Each structure stands twice: as C-alpha cells, then as structure tokens.
Amino acid sequence: MSTDLTLHQRRRTPTPSELQGIPWLRVLKPEERARAVAELKVGDAASGDYVCRVGKPVTYWFGVVEGLLKMSSDDAQGTTMTFSGLPPGGWFGEGTALKREPYRYNVQALRKSVVAGLSVDSFHWLLDHSIGFNRFVMNQLNERLGQFIAAREIDRMNSPDVRVARSLAALFNPALYPGVGEILRITQQELAYLVGLSRQRVNKALANLQAQGSIRIEYGGLRVLDLDALRSSMVSSKS
DNA sequence: TCATTAAATTGTT
DNA sequence: AACAATTTAATGA
C-alpha cells in the first residue's frame with residue numbers, strides 16, 4: 001500500500017492558484033517572494049504515498065496545498081503512533097530543516113494530495129534574509145508546541161466524543177492550517193485513522209457534535225459552526 | 001446538458 | 001465487519 005516519495009519524481013512548478021494557498025508567501029517582500037516562487041516545487045501524492053520517512057535526509061520543507069496528510073512515528077515494536085493530521089495550508093519539517101537532521105517522523109498521504117516543497121537551502125536563505133519569514137516560522141513553531149501539548153491531553157482522555165471534538169478543533173487551527181476554511185474536507189474513515197477510533201464510533205461522535213450545534217456533517221467533510229465549543233467540549237456522551 | 005452508471009461515503013446493525 | 005442508502009464523479013449520447 002505504500003509507494004515511495006512521489007514528490008521527488010514528477011514535480012511541477014506551482015500554478016498561480018496553488019501559490020495562492022501558500023500562506024507564508026504573503027509575508028515576503030517582492031524580491032524574496034520572487035526567489036521563493038522560483039524555487040518552489042509541487043508534486044502529487046497518491047493515497048498511501050510517503051512524503052517523508054524517518055531517517056531520510058532532509059531535502060525539503062513541505063507544505064500541504066490540497067488533500068490530507070498524517071504525521072506519525074513507529075516505535076521499536078512497530079507500533080504506529082499518529083501525532084497529527086495535516087490539512088491544506090499546513091507546513092512542516094522546519095525543525096529538522098533548521099538543523100539539517102534526518103526526519104524524525106513519517107508523513108503519509110491519507111488521500112490523493114498536492115504537496116509543495118521548498119529546498120532546505122532556500123529555506124535557510126529566507127531565514128537569513130527575510131524578517132517576515134522568520135516571524136512566520138517562529139509563530140509556526142509556537143503554535144505547533146501548543147498543538148502537541150493539547151495532543152497529550154487528548155490522549156489521556158478516554159471519552160471518544162471529546163477526543164473527536166478536540167482533534168477536530170486542532171485541524172481547524174487557522175494559524176497552522178489557513179487553507180482550511182469553514183469546511184474541512186475529511187471523511188469519517190480518515191478522521192477515524194487520525195483519532196484512533198473506529199469509523200462507527202467517529203460517526204456517532206460526529207452526530208453528537210452536530211446535535212450539540214458545533215459542527216454540521218456534510219458529504220466528504222465537516223463544517224464548523226462553533227470552534228470554541230469544540231475546543232472546550234466537555235464530556236457529554238449520551239450515546 | 002441530461003440521463004445512466006460506477007465509485008465513494010455515510011448511516012446502521 | 002458487513003450491508004443498505006445516499007451523494008458525488010464519470011461517462012457518453
């Protein structure tokens with residue numbers, strides 16, 4: 001089920017509409033932006049494809065233009081632990097790109113996706129030349145720290161409804177994933193993989209959240225009606 | 001553009 | 001895990 005590193009093969013230059021979905025381009029000055037755009041590559045990843053794997057040397061700083069990726073890691077026993085989902089607008093790998101160390105996690109496409117990449121050299125060039133870019137990366141690191149702390153709390157609770165609610169809230173984080181608007185394109189099966197629950201249970205949890213008025217279920221996706229309600233959702237599993 | 005068919009996704013047991 | 005119902009996407013006239 002796992003083909004390898006599609007991005008390194010058939011990569012294109014980004015289309016204008018794809019560039020539109022790259023949030024940090026807007027914080028660059030015209031010269032910086034021109035240079036970055038020239039260096040950007042995009043590639044298509046089929047469902048199951050790996051974007052990066054543990055131990056591989058860092059080649060790119062990656063971003064999701066379209067689709068859905070998941071970030072996970074396998075321990076010595078081969079148990080897979082999913083850290084986070086990566087919806088459109090999300091960029092990752094800055095930690096390893098900064099230090100030019102090998103990747104510490106696997107990133108795999110949950111569905112057919114479009115992934116953008118900026119070479120590590122260009123990434124460093126922007127760090128050396130652009131204040132705006134530095135602010136973006138710093139904010140990105142800070143937001144992600146918040147995400148991981150929240151993720152630990154999520155793992156400790158055993159109420160499925162709350163787990164689903166909090167995980168959804170994370171995916172709708174506008175700072176980290178500006179490409180996600182009112183609606184998040186994600187199937188209940190994909191969400192089940194991310195949260196670590198059965199699809200049936202996720203289906204039920206979503207129904208509860210909808211009844212509570214914080215989301216609306218749509219075919220192939222979800223619409224957020226009340227993000228704060230998702231973030232602070234308490235245990236109310238009357239299923 | 002519309003009708004038909006296949007595929008994907010959801011709701012339920 | 002399996003099934004039926006629903007929605008979307010694809011096809012071709």
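Proteins come first, then strands; the chains are lettered A, B, ... in the order of their sequence lines, and each starts at number 1. Here the structure is a predicted model, which is why all the values come from computation and not from measurement. The basis for the numbers below is simple: all heavy atoms, side chains too, and nothing from hydrogens, waters or symmetry mates.
- Under the salt bridge (charged side-chain N to carboxylate O under 4.0 Å, His left out) criterion, A/R199 pairs with no residue at all, not counting sequence neighbours.
- You can see that DNA chain B meets the heavy atoms of chain A within a 4.0 Å-exclusive cut from B/dA8 to B/dT13, reading 5' to 3'.
- Using a cutoff of 4.0 Å between basic side-chain nitrogens and carboxylate oxygens, A/R201 and A/D161 are scored as salt-bridged.
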I'd like a list of close polar pairs between nucleotides 4-10 of chain C and the protein, N/O only, cut-off under 3.5 Å.
{"unit_1": "C/dT7", "atom_1": "O2", "unit_2": "A/Y219", "atom_2": "OH", "d": "3.2"}

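- Evaluation of the ring pair (Phe, Tyr, Trp, His ring centres under 6.0 Å) rule for A/F133 yields A/W24, A/W61, A/F123 as partners, not counting sequence neighbours.
- For A/E190, the side-chain hydrogen bond (donor to acceptor under 3.5 Å, both in side chains) partners two or more places apart in sequence, or in a different chain, are A/R111, A/T187.
- A search for salt bridge (charged side-chain N to carboxylate O under 4.0 Å, His left out) contacts involving A/R166 returns nothing, not counting sequence neighbours.
- To the nearest 0.5 angstrom, A/L86 atom CG is 9.0 Å from A/L194 atom CG.
- For the atom pair A/Q210 CD and A/L222 CG, the distance stands at 9.0 Å (nearest 0.5 Å).
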